[in-house]
Amino acid sequence: SDKINVMIGEENTLEPMKECSIITTSYSIGEYTLGNIGIIGPTRMNYAQVISVLEHISYYIKNMLGDKTDS
């Protein structure tokens, strides 16, 4: 699915990442997931803005790859 995943600080399993947040999503065409994109940043960030950026990037990638359906 194209859902947004958010891991904040201690939710990260790798010790060096415990002071970071990781926000990821995938991009798909039809039933096929083609890849994942993500942003790594500080635990104190504008999550709404980062999620919006990831949603837009995913949308544009899907369109560039040929899926013209609205998400």
Side-chain angles (χ1 to χ4, degrees):
S1 73
D2 296 338
K3 70 177 188 167
I4 300 288
N5 298 301
V6 179
M7 292 187 296
I8 301 171
E10 294 294 321
E11 296 174 2
N12 295 308
T13 56
L14 295 173
E15 190 62 38
M17 300 303 290
K18 292 197 181 286
E19 294 188 26
C20 299
S21 291
I22 303 172
I23 303 172
T24 62
T25 190
S26 60
Y27 51 93
S28 305
I29 293 181
E31 62 187 59
Y32 301 103
T33 299
L34 301 177
N36 296 297
I37 54 175
I39 295 176
I40 299 172
T43 56
R44 296 179 188 262
M45 70 168 103
N46 185 335
Y47 288 94
Q49 184 177 20
V50 172
I51 289 169
S52 178
V53 167
L54 278 180
E55 289 173 337
H56 282 88
I57 292 170
S58 177
Y59 172 80
Y60 288 117
I61 289 173
K62 288 169 61 171
N63 281 324
M64 287 189 316
L65 295 175
D67 186 6
K68 303 300 183 193
T69 59
D70 279 334
S71 316

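All of these numbers come straight from a predicted model, not from anything done at the bench. For the numbers below, each heavy atom of this structure counts, side chains included, while hydrogens, waters and symmetry mates do not.
- Annotation: side chain of Leu54 is not in contact with side chain of Thr24 (no heavy-atom distance under 4.5 Å).
- Counting all heavy atoms, side chain and backbone alike, Ser21 lies closest to Met45 at CB-CE, 3.5 Å.
- No chain of hydrophobic side-chain contacts below 4.5 Å, direct or via other Ile, Leu, Val, Met, Phe, Trp or Tyr residues, connects Met17 to Ile39.
- Closest non-hydrogen pair, Ser58 versus Thr25, comes out as CB-CG2, 4.2 Å.
- A single hydrophobic cluster is seen to contain both Ile57 and Leu34, as judged by linkage of ILVMFWY side chains at heavy-atom distances under 4.5 Å, directly or through other members.
- Each of Tyr47 and Met7 belongs to its own hydrophobic cluster when Ile, Leu, Val, Met, Phe, Trp and Tyr are linked at side-chain heavy-atom distances under 4.5 angstrom.
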Please determine whether side chain to side chain contact (heavy atoms under 4.5 Å, CB included) holds for the pair Ile37 and Ile61, giving the CA-CA distance in whole Å, both sets of side-chain angles, and the decisive distance to 0.1 Å. CA-CA 10 Å; Ile37 54 175; Ile61 289 173; 4.1 Å; yes

Stepwise side chain to side chain contact (heavy atoms under 4.5 Å, CB included) test for Ile40 and Ile23: CA-CA 7 Å; Ile40 299 172; Ile23 303 172; over 6 Å; no

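- Clustering ILVMFWY residues whenever any of their side-chain heavy atoms sit less than 4.5 angstrom apart, transitively, puts Ile29 in the very cluster that holds Tyr27.
- The environment of CD in Glu11 is crowded: more than 12 heavy-atom neighbours from other residues, nucleotides or ligands sit within 6.0 Å.
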Decide yes or no on side chain to side chain contact (heavy atoms under 4.5 Å, CB included) for Glu19 and Thr43, but give the supporting numbers first. CA-CA 6 Å; Glu19 294 188 26; Thr43 56; 5.6 Å; no

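- Residues Val50 and Ile22 do not share a hydrophobic cluster, defined by chaining ILVMFWY side chains whose heavy atoms lie under 4.5 Å apart.
- Looking at every heavy atom in both residues, Ser26 comes nearest to Asn36 through CB-OD1, 3.1 Å.
- Distance alone, capped at 3.5 Å, places no donor-acceptor pair between the Asn12 side chain and the Lys18 backbone.
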